[in-house]
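Not measured: the values here are computed from a predicted model.
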Amino acid sequence: VSCRAHSEAPVRLGVEPRDGPDLNPSDVEQAAPRSERGWRSFALRVLPLLLFTLCIFVGGSWPQRAGRPGYSDKVMHAIVFGLLVPLGFSAFAYFAPDKPWTRRLLYALLYSVVLGGLLEVWQGMLKYRSQELLDWLADIAGALVCAALVAGYMMIARVRQSDRWS
């Protein structure tokens, strides 16, 4: 059993431990080392986004059913494409770990909005589906709401993290 001194604390998130007042809370947000970006990380961060994207296109390709009472097509669009934002945010943390969280959130938002537009174009090519601008606007609204929620969460987490360092 070995006993380590404080300066030999284990390295976390690829940040070397330092002593003194020059320790910056933003150092903790640095990217994980490449060794932590293996298959397990891919499966946890990227695979959910890819599978959800596939489900959206498969589900959006089925013939349209008659509306059910109390069921809003636009609300479902907002929920589904809103859920793409946190999934995309996690996936882009894998692909662009050195980018700030705001940039990764922007990538996730753009992914959701572009995918919503592509789905509407795809549905317009199918004989039994229709292309609707209002569906895409609902996709954008859901993505914006979820992006705002993710941004709020990240800002609160950052404030809490800086409180720990002060």
Side-chain angles (χ1 to χ4, degrees), residues 13-14 25-162:
L13 297 175
S26 66
D27 290 344
V28 176
E29 289 186 2
Q30 287 183 359
R34 294 263 182 216
S35 63
E36 292 181 20
R37 291 182 53 207
W39 281 106
R40 184 168 187 252
S41 181
F42 181 86
L44 292 173
R45 291 185 174 271
V46 179
L47 210 51
L49 177 67
L50 296 176
L51 291 175
F52 196 64
T53 300
L54 180 66
C55 288
I56 288 172
F57 269 88
V58 169
S61 299
W62 287 342
Q64 224 167 351
R65 294 182 293 201
R68 293 177 284 198
Y71 169 80
S72 172
D73 175 47
K74 305 306 179 248
V75 171
M76 289 306 296
H77 273 268
I79 290 170
V80 167
F81 285 88
L83 288 174
L84 272 176
V85 173
L87 291 173
F89 183 69
S90 179
F92 287 115
Y94 176 85
F95 288 115
D98 55 332
K99 301 289 184 197
W101 70 265
T102 52
R103 178 75 53 92
R104 295 191 311 256
L105 183 58
L106 178 63
Y107 292 160
L109 178 63
L110 289 174
Y111 180 85
S112 181
V113 168
V114 168
L115 191 70
L118 289 174
L119 179 64
E120 290 306 316
V121 169
W122 169 248
Q123 287 178 345
M125 290 188 237
L126 300 174
K127 292 178 184 177
Y128 48 86
R129 293 298 303 236
S130 63
Q131 179 178 355
E132 288 187 46
L133 178 63
L134 288 178
D135 283 350
W136 190 43
L137 293 177
D139 300 343
I140 293 170
L144 287 171
V145 167
C146 282
L149 291 172
V150 171
Y153 172 80
M154 291 301 292
M155 286 188 272
I156 290 170
R158 190 174 174 123
V159 167
R160 285 185 178 173
Q161 182 181 31
S162 67

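For the atom pair OG1 (Thr102) and CG (Leu109), the distance works out to 12.5 Å, reported to the nearest 0.5 Å. Summarising the geometry, atom CG belonging to Leu105 is positioned 9.5 Å from atom CG belonging to Leu110; distances are rounded to the nearest 0.5 Å. Distance check, rounded to the nearest 0.5 Å: CE of Met76 to CG of Asp135 gives 12.0 Å. Rounding to the nearest 0.5 Å places CG of Leu47 at 9.5 Å from CH2 of Trp39.
Contact record, Leu87 with Pro48: CD2-CB, 4.0 Å, taken as the closest heavy-atom pair. Smallest separation of non-hydrogen atoms from Gly60 and Leu119: CA-CD1, 4.2 Å. Of all non-hydrogen atoms in Leu50 and Phe42, the two that sit nearest each other are CD1-CZ, 4.3 Å.
Within the 4.5 Å cutoff, no side-chain heavy atoms of Val85 are placed close to those of Leu144. The closest side-chain heavy-atom distance from Ile56 to Phe81 is below 4.5 Å.
Each side-chain hydrogen bond (donor to acceptor under 3.5 Å, both in side chains) pair with one or both residues in residues 123-132, not counting sequence neighbours, appears once here: Lys74-Glu132. Each side-chain hydrogen bond (donor to acceptor under 3.5 Å, both in side chains) pair with one or both residues in residues 108-118, not counting sequence neighbours, appears once here: Thr53-Tyr111. The side-chain hydrogen bond (donor to acceptor under 3.5 Å, both in side chains) contacts involving residues 136-145 comprise His77-Asp139, where partners must be two or more places apart or lie in separate chains. Applying the salt bridge (Lys or Arg N to Asp or Glu O under 4.0 Å) test to every pair with at least one member in residues 84-96, sequence neighbours left out, gives no pairs at all.
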Practice item. Please step through side chain to side chain contact (heavy atoms under 4.5 Å, CB included) for the pair Val46 and Phe95, ending with a clear verdict. Key: CA-CA 9 Å; Val46 179; Phe95 288 115; 3.7 Å; yes

Exercise for review: Begin from the C-alpha positions of Lys99 and Phe92 and carry the test side chain to side chain contact (heavy atoms under 4.5 Å, CB included) through to its verdict.
Suggested key: CA-CA 9 Å; Lys99 301 289 184 197; Phe92 287 115; over 6 Å; no

Review point. Run the side chain to side chain contact (heavy atoms under 4.5 Å, CB included) check on Val80 and Leu83 step by step: do they pass?
Key: CA-CA 5 Å; Val80 167; Leu83 288 174; 5.8 Å; no

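Listed for the Arg104 side chain is no donor-acceptor partner under 3.5 Å among the backbone atoms of Phe89.
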N/O donor to acceptor pairs below 3.5 angstrom from side-chain atoms of residues 147-157, sequence neighbours left out:
none

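Judged as a side chain to side chain donor-acceptor pair (under 3.5 Å), and not counting sequence neighbours, the contacts of Ser61 are Trp122.
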